[in-house]
Every structure is written in structure tokens, then in C-alpha cells.
Amino acid sequence: MIDLRSDTVTKPSPGMRQAMAAAEVGDDVFGEDPTVNRLEEVAAQLLGKEAALFVPSGTMANQICIKVHTQPGDEIIMERTSHPFANESGALAALSGVQVQLLDGVRGILTAEQVARVIRSGEDVHHAPTRLICLENTHNRGGGSIYPLEHIRAIHAVARAHGLAMHLDGARLLNACVATGLPAPAYTQYFDSCTLCLSKGLGAPVGSVIAASADFIKRARRYRKMFGGGMRQAGILAAAGLYALEHNVERLAEDHQHAKLLAERLYGLRGVLLDPAEVETNMVYLRLDLATARLDAFALMQAMRARGVLALALDRTTMRLVTHLDVSRAQVEEAARVIRDLLA
Ligand SMILES: *Cc1c(COP(=O)(O)O)cnc(C)c1O
């Protein structure tokens, strides 16, 4: 099977498994796992922050940060399709009791003007005070789009002017860094907290990190325990994360080339709306024009599966294809052939 549903399907390589088996471990809830401690140091350095915290998932990473930043009844500003709002099972309401001002981005990207317009001070007793602005880079539902640095800088200026905090869902931040050539701190300097997923294109089986100030991480550590994310001999997982950061970052460029190739092969196909120029990282979102396409996205997904290619239909008109380290160039070519056969 050629699995293009997500970059989360990657499996630990033999080298990664060896690093995991050899990891020195201890009880991380006691702060005694040397491999977790090392991963947290490496991640803090990489992300340009004082401290970092290893957590089981990207969802928990985001939700812990939002919990630290807010009180129940506060308001946070996010893009409508952003992961912490749209894909974390209602956690914002359940765990932090916050409400959300949703804005419509262009491919997930907001402007400072949009953000400035909806900020509320809390002076008026009718309003929930705005506390936090949450951005996502790369933006998953935006098509793996890269947040332009000028937008982040301008939104940051608005946040500072109003005393608001900034949080970055950086699940795929390193995809943005590899694509632009910018180091991670070029982005993270504008955020009070940020996350990074080790279990997506970086190829680790489990794990994400939060990076922020030492004081923030101290508070985050308490919420990690509260949310059930305190792990014991977690060094066995942190070793995979360290291996991923050492071996699998630069190669993300290959995934980006593969996504671009896939988009170029599918461009111009009957019923497919797709602009290869918009494929900036490792994701291809196919939009199907139901008036002319031979199949809708669900039927296409089923037909592809029968031909050995897995993809994710999000609704009748949208299919997501994601490249990653377990898909070769030849497999990408094969996937493109299958889709062309089915839609031509
Ligand atoms: C995958 C993802 C997450 C959540 O990660 P999990 O480990 O699946 O909980 C958060 N944000 C974005 C943008 C993601 O793509």
C-alpha cells in the first residue's frame, strides 16, 4: 500500500528503533529520565526558547499551552480551520473553558487587520476579554501553507499593543523552516509558546514538544500531569524524537519535492481544481469539481484503495494527499498514475 493519508503513518526506521532500545531511562515524572531531559534541552535550543517539555501528542501540547495562557471565560482568536479548534475534539471548551473568535484565513493565513478588528479588552462587561492569538505554521487545512513572516510580525505587533499572548501550533514548523531556509527561532521569537510534533514527517512513533520560557514550562508541567500526560520511562520515546531531530529534518525537502511532483502530475486533470504553485510543503489538497469530475472524493478514495493507494477524503469535494519519509518518488509517480487512470 502507498499510504498518503497523513505523515503520521510513518514507522520508526531500524536506526531509530536501535536508538530507542539503547536509550538510558528513568522516571520522568520525577524529572529523572536523562534521555527526556536531553530531548527537552535540544528542543529548547532548536526552538530558541529557555525550556521545553516532552508530551505524548500535538493535541496535548496545544491544549496545555492554551490552559497556561487563559482563564475560563477568556476569548482566544484563531483561524476557522486551525487544528486546536477544528480537530482537537472540543478540548478548548472542555479543558480550558475558553471561547473562540474565529476568523477566515486565506489558505489558513490571517492578516493583522483581521485580528485587530475582533480584539476585545474586557472593559465592557458584556465582552469576554481576548487573551491569546493562536497561529498554525505550516497550516494543515490551509494546504500545508507557510505563514509569511511579515504576517506573523504584524500580528505580533497588534498582540503586543493589546497585551495579548501569542501561541504557535508548530506541529509542522520544521517543514516551513526547511522550505524557506529560515531557522525555527525566526518564527518562534514572535510567540510566547510553541509546539512541534515529532510524530509527523519527522518519523518518530510518539511525541511532541512545547517550548517557552522556564516559568511557562514549569506551569505546563503541572497541566501535563493533570491531563494525564506524565510518563515514566519515556526516554524510550524521547530517544526516537532525538533521532528524528538528528536524521530526519533536512530530508523533509524530499517530501516537499514529492508533493510538488504529485501536484504537477494531477494538474489539468478533468474535474480537478489544483494549483501546483500553492503546494509549498508536503501536502496536496485536491478539490474536485463535481459537475465535471468522474468521481466524488469518497468514491475516488475507495477506488484508489482498491488500486493500492490510500488517501483521505475530507468531504465530497476535498481529498488530502500527504508525502512523507515512507513514500518514495516511484510510489508518488504510481499514485499519480492511479488517480489519473481513475479520473481521466
Ligand atoms: C497533527 C496535528 C496536531 C496534533 O497532533 P496529534 O499528535 O495528532 O495530537 C496539531 N496541530 C496540527 C497542525 C497537526 O497537523
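All figures in this text were calculated on a predicted structure; none of them were measured in a lab.
- In this structure, the side chain of Thr195 does not engage the main chain of Ile210 through any donor-acceptor pair within 3.5 Å.
- The closest side-chain heavy-atom distance from Met231 to Leu237 is below 4.5 Å.
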Let's go through His162 and Thr130 carefully: what are the C-alpha distance in whole Å and the side-chain angles of both, what is the deciding distance for side-chain hydrogen bond (donor to acceptor under 3.5 Å, both in side chains) to 0.1 Å, and is it a yes or a no?
CA-CA 9 Å; His162 291 86; Thr130 311; over 6 Å; no

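- Between the side chain of Arg316 and the backbone N or O of Asp296 there is no donor-acceptor pair closer than 3.5 Å.
- Within 6.0 Å of CZ on Arg120 lie more than 12 heavy atoms contributed by other residues, nucleotides or ligands.
- Using a 4.5 Å heavy-atom cutoff, the side chains of Met16 and Met20 are in contact.
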Intermediate values then yes/no, side-chain contact (heavy atoms from CB on, under 4.5 Å), Ile155 and Gln114
CA-CA 9 Å; Ile155 292 170; Gln114 274 180 296; over 6 Å; no

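- For Asn137 (side chain) and Leu173 (main-chain N/O), no donor-acceptor pair under 3.5 Å exists by modelled atom type.
- When all heavy atoms of Glu280 and Ala179 are compared, the closest pair comes out as O-CB, 4.0 Å.
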Given side-chain hydrogen bond (donor to acceptor under 3.5 Å, both in side chains), test Asn282 with His258 step by step and report yes or no.
CA-CA 7 Å; Asn282 68 329; His258 289 165; over 6 Å; no

Go through the steps for His139 and Thr81 under the test side-chain contact (heavy atoms from CB on, under 4.5 Å), then give the verdict.
CA-CA 9 Å; His139 201 291; Thr81 62; 3.2 Å; yes

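- Within a 6.0 Å radius of CZ in Arg160, other residues, nucleotides and ligands contribute more than 12 heavy atoms.
- Look at Arg337 and Glu334 and you find a salt bridge, because one of the NZ, NE, NH1 or NH2 atoms lies within 4.0 Å of a carboxylate O, short of that distance.
- In this structure, CZ on Arg131 lies 12.5 Å from CD1 on Ile76, to the nearest 0.5 angstrom.
- Heavy-atom contacts from other residues, nucleotides or ligands closer than 6.0 Å to CZ of Arg251 number more than 12.
- Listed here is the closest heavy atom pair of Leu198 and Gly241: CD1-CA, 4.0 Å.
- Linking Ile, Leu, Val, Met, Phe, Trp and Tyr residues whenever their side-chain heavy atoms come within less than 4.5 Å leaves Phe227 and Val209 in two separate clusters.
- Enclosure of atom CD in Glu333 by more than 12 non-hydrogen atoms of other residues, nucleotides or ligands within 6.0 angstrom is indicated.
- Between the CG atom of Leu164 and the CD1 atom of Ile119 there is a distance of 5.0 Å, given to the nearest 0.5 Å.
- Nearest heavy atoms, Ala23 versus Gly235: CB-O, 3.6 Å.
- Ala44 and Ala52 get closest at one heavy-atom pair: N-CB, 3.8 Å.
- One N or O on the side chain of Asp33 and one on the backbone of Gly26 form a donor-acceptor pair closer than 3.5 Å.
- Side chains of Arg232 and Val29 form a contact here, defined as non-hydrogen atoms less than 4.5 Å apart.
- Between the Thr35 side chain and the Ala239 main chain, no donor and acceptor come within less than 3.5 Å of each other.
- In the displayed structure, Gln189 atom CD is contacted under 6.0 Å by more than 12 heavy atoms of other residues, nucleotides or ligands.
- Under the 3.5 Å distance criterion, the side-chain polar atoms of Ser121 are matched with a main-chain donor or acceptor of Glu123.
- Using a 4.0 Å cut-off between charged side-chain N and carboxylate O, Arg38 and Glu24 make no salt bridge.
- Remark: the backbone N or O of Leu110 is paired with a side-chain donor or acceptor of His151 at under 3.5 angstrom.
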Pair Asp255, Lys200 - check salt bridge (charged side-chain N to carboxylate O under 4.0 Å, His left out), show working.
CA-CA 12 Å; Asp255 300 342; Lys200 304 270 168 85; over 6 Å; no

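- Heavy atoms of other residues, nucleotides or ligands lying less than 6.0 angstrom from CZ of Arg305 number 12 at most.
- Contact annotation: the side chain of Leu286 never approaches that of Leu269 to less than 4.5 Å [non-hydrogen atoms, C-beta and beyond].
- Within the 4.5 Å cutoff, no side-chain heavy atoms of Leu4 are placed close to those of Val284.
- Distance check, rounded to the nearest 0.5 Å: CD of Glu254 to CG of Leu261 gives 12.0 Å.
- Contact of the Arg141 side chain with the Asn87 side chain is registered, since non-hydrogen atoms from C-beta on lie closer than 4.5 Å.
- Side-chain contact between Thr10 and Asn248: absent, with no pair of heavy atoms (C-beta onward) separated by less than 4.5 Å.
- Panel note: side chain Ser82, backbone Glu79; a donor-acceptor pair is recorded below 3.5 Å.
- Atom NZ in Lys67 sits 6.0 Å away from atom CE in Met226 (nearest 0.5 Å).
- Each of Val206, Asn37, Val36 was scored for a side chain to side chain contact (heavy atoms under 4.5 Å, CB included) with Phe54, with one residue passing: Val36.
- Annotation: the span from Glu40 atom CD to Leu53 atom CG amounts to 5.5 Å, rounded to 0.5 Å.
- Scanning all heavy atoms of the two residues, the minimum distance from Gly203 to Leu325 falls at CA-CD2, 4.1 Å.
- Residues Tyr223 and Val55 fail the side-chain proximity criterion, which asks for heavy atoms closer than 4.5 Å.
- The number of heavy atoms from other shown groups lying within 6.0 Å of CD (Gln18) does not exceed 12.
- Exactly one of Arg287, Arg107, Lys260 qualifies for a salt bridge (Lys or Arg N to Asp or Glu O under 4.0 Å) with Glu278. That residue is Arg107.
- Atom OH of Tyr187 and atom CG of Leu168 lie 10.0 Å apart (nearest 0.5 Å).
- In terms of hydrophobic clustering, with Ile, Leu, Val, Met, Phe, Trp and Tyr side chains grouped at heavy-atom distances under 4.5 Å, Val249 and Leu39 are assigned to a common cluster.
- Residues Arg320 and Ser6 come closest through the heavy atom pair NH2-CB, 3.5 Å.
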Going through the distances and angles, do Thr180 and Leu149 end up as a side-chain contact (heavy atoms from CB on, under 4.5 Å)?
CA-CA 10 Å; Thr180 59; Leu149 206 50; over 6 Å; no

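- Note: Tyr243 and His247 have parallel aromatic rings, judged against thresholds of 30 and 60 degrees for the angle between ring planes.
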Show the numbers, then the answer: is there a salt bridge (charged side-chain N to carboxylate O under 4.0 Å, His left out) between Arg80 and Asp104?
CA-CA 6 Å; Arg80 186 174 305 281; Asp104 291 304; 2.6 Å; yes

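- A salt bridge does not link Asp3 with Lys11: every distance from a Lys NZ or Arg NE/NH1/NH2 to an Asp or Glu carboxylate oxygen is 4.0 Å or more.
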Check step by step if side-chain contact (heavy atoms from CB on, under 4.5 Å) holds for Leu132 and Ile66.
CA-CA 8 Å; Leu132 179 68; Ile66 288 158; 4.0 Å; yes

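- The side chain to side chain contact (heavy atoms under 4.5 Å, CB included) test with Ser145 is passed by exactly one of Val279, Thr138, Ile109, Thr281: Ile109.
- Heavy-atom neighbours of Tyr267 OH from other residues, nucleotides or ligands within 6.0 Å: at or below the threshold of 12.
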